[in-house]
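Report on the structure given below.
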Amino acid sequence: MIQLKTKSMFIQFLFLIFFSSFFCLFPKENKINQYPIYVSIGKVYYSSQMQIPEKDKKEIQLLLQDLVNMTLEKNFINLPNYVDTELGIYPDLKAHWSYYKLKQEVQNPNSY
């Protein structure tokens with residue numbers, strides 16, 4: 001089981017997994033904005049035997065719902081709010097962006 005050391009790394013991990021799987025599920029020609037997607041809490045797996053508190057599950061659910069909404073709206077202007085200023089983010093498997101590079105990229109509508 002992967003153990004992430006910081007909340008920021010956890011968010012980056014979720015972001016990477018989410019976008020990797022999301023774009024595989026929906027071809028570009030579909031108009032996915034017509035079909036709202038709602039994130040719900042299912043079974044939660046954790047690396048130890050202790051239970052995850054409900055407030056943490058709710059926080060994860062809200063975070064993923066925000067990522068889904070940003071993707072559907074094709075507007076990532078709020079994404080830097082979820083990224084650590086020192087660690088940055090991996091937008092894909094081969095690239096690392098600093099927090100400030102990410103802020104510049106989301107301002108540009110023709111960006112990556």
Side-chain angles (χ1 to χ4, degrees):
M1 178 65 61
I2 298 173
Q3 292 185 349
L4 302 174
K5 296 182 181 185
T6 65
K7 187 177 182 180
S8 176
M9 289 176 69
F10 180 69
I11 291 170
Q12 290 179 15
F13 177 74
L14 289 175
F15 182 74
L16 183 64
I17 296 300
F18 171 75
F19 283 107
S20 297
S21 61
F22 188 78
F23 289 115
C24 292
L25 294 174
F26 297 100
K28 287 185 178 181
E29 62 269 10
N30 287 349
K31 294 184 178 184
I32 51 180
N33 287 342
Q34 295 176 353
Y35 310 104
I37 298 173
Y38 299 103
V39 175
S40 62
I41 298 174
K43 183 149 178 85
V44 178
Y45 295 95
Y46 193 58
S47 61
S48 71
Q49 296 299 325
M50 62 185 252
Q51 294 292 322
I52 297 177
E54 287 300 317
K55 66 179 179 110
D56 291 345
K57 291 179 186 177
K58 189 67 174 169
E59 183 177 352
I60 292 169
Q61 178 187 14
L62 293 174
L63 169 68
L64 289 173
Q65 186 67 58
D66 282 348
L67 291 173
V68 167
N69 291 342
M70 283 189 265
T71 303
L72 292 173
E73 295 166 3
K74 297 181 181 176
N75 181 4
F76 294 98
I77 201 76
N78 293 323
L79 184 59
N81 298 337
Y82 296 106
V83 176
D84 185 82
T85 55
E86 293 179 13
L87 296 175
I89 190 169
Y90 288 90
D92 59 33
L93 293 174
K94 60 185 180 238
H96 176 264
W97 289 355
S98 70
Y99 171 81
Y100 303 102
K101 167 111 169 112
L102 175 65
K103 280 188 82 164
Q104 289 175 347
E105 289 293 325
V106 297
Q107 298 293 330
N108 181 359
N110 298 322
S111 157
Y112 176 71

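All values reported here derive from a predicted model rather than from experimental measurement.
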Q) Residues two or more places apart in sequence or in another chain: which of them pass side-chain hydrogen bond (donor to acceptor under 3.5 Å, both in side chains) with Asn75? A) none
Q. Would Tyr100 and Val83 show up in the same hydrophobic cluster when neighbours are defined by side-chain heavy atoms closer than 4.5 Å?
A. yes
Q. Side-chain donor-acceptor pair under 3.5 Å between Gln104 and Asn108, yes or no?
A. no
Q: Hey, could you give me the CG/CG distance between Asn81 and Leu63, rounded to the nearest 0.5 Å?
A: 11.5 Å
Q: Name all residues meeting the side-chain contact (heavy atoms from CB on, under 4.5 Å) criterion together with Val106; count only those two or more places apart in sequence or in a different chain, and write none if there are none.
A: Phe76, Ile77, Pro80, Leu102
Q | CG on Asn69 to CG on Leu62, rounded to 0.5 Å | A | 10.5 Å
Q: Report the residues that fulfil side-chain hydrogen bond (donor to acceptor under 3.5 Å, both in side chains) with Gln107, sequence neighbours left out, ordered by chain and then residue number.
A: none
Q) Can you check whether Leu79 reaches Leu67 side chain to side chain, under 4.5 Å on heavy atoms? A) yes
Q: Could you tell me whether a side-chain N or O of Gln65 sits under 3.5 Å from a main-chain N or O of Ser40, the two making a donor and an acceptor?
A: no
Q. Got a second to check how far Asn78's CG is from Glu73's CD, nearest 0.5 Å?
A. 9.0 Å
Q | Heavy-atom side-chain proximity of Gln61 to Lys58 below 4.5 angstrom | A | yes
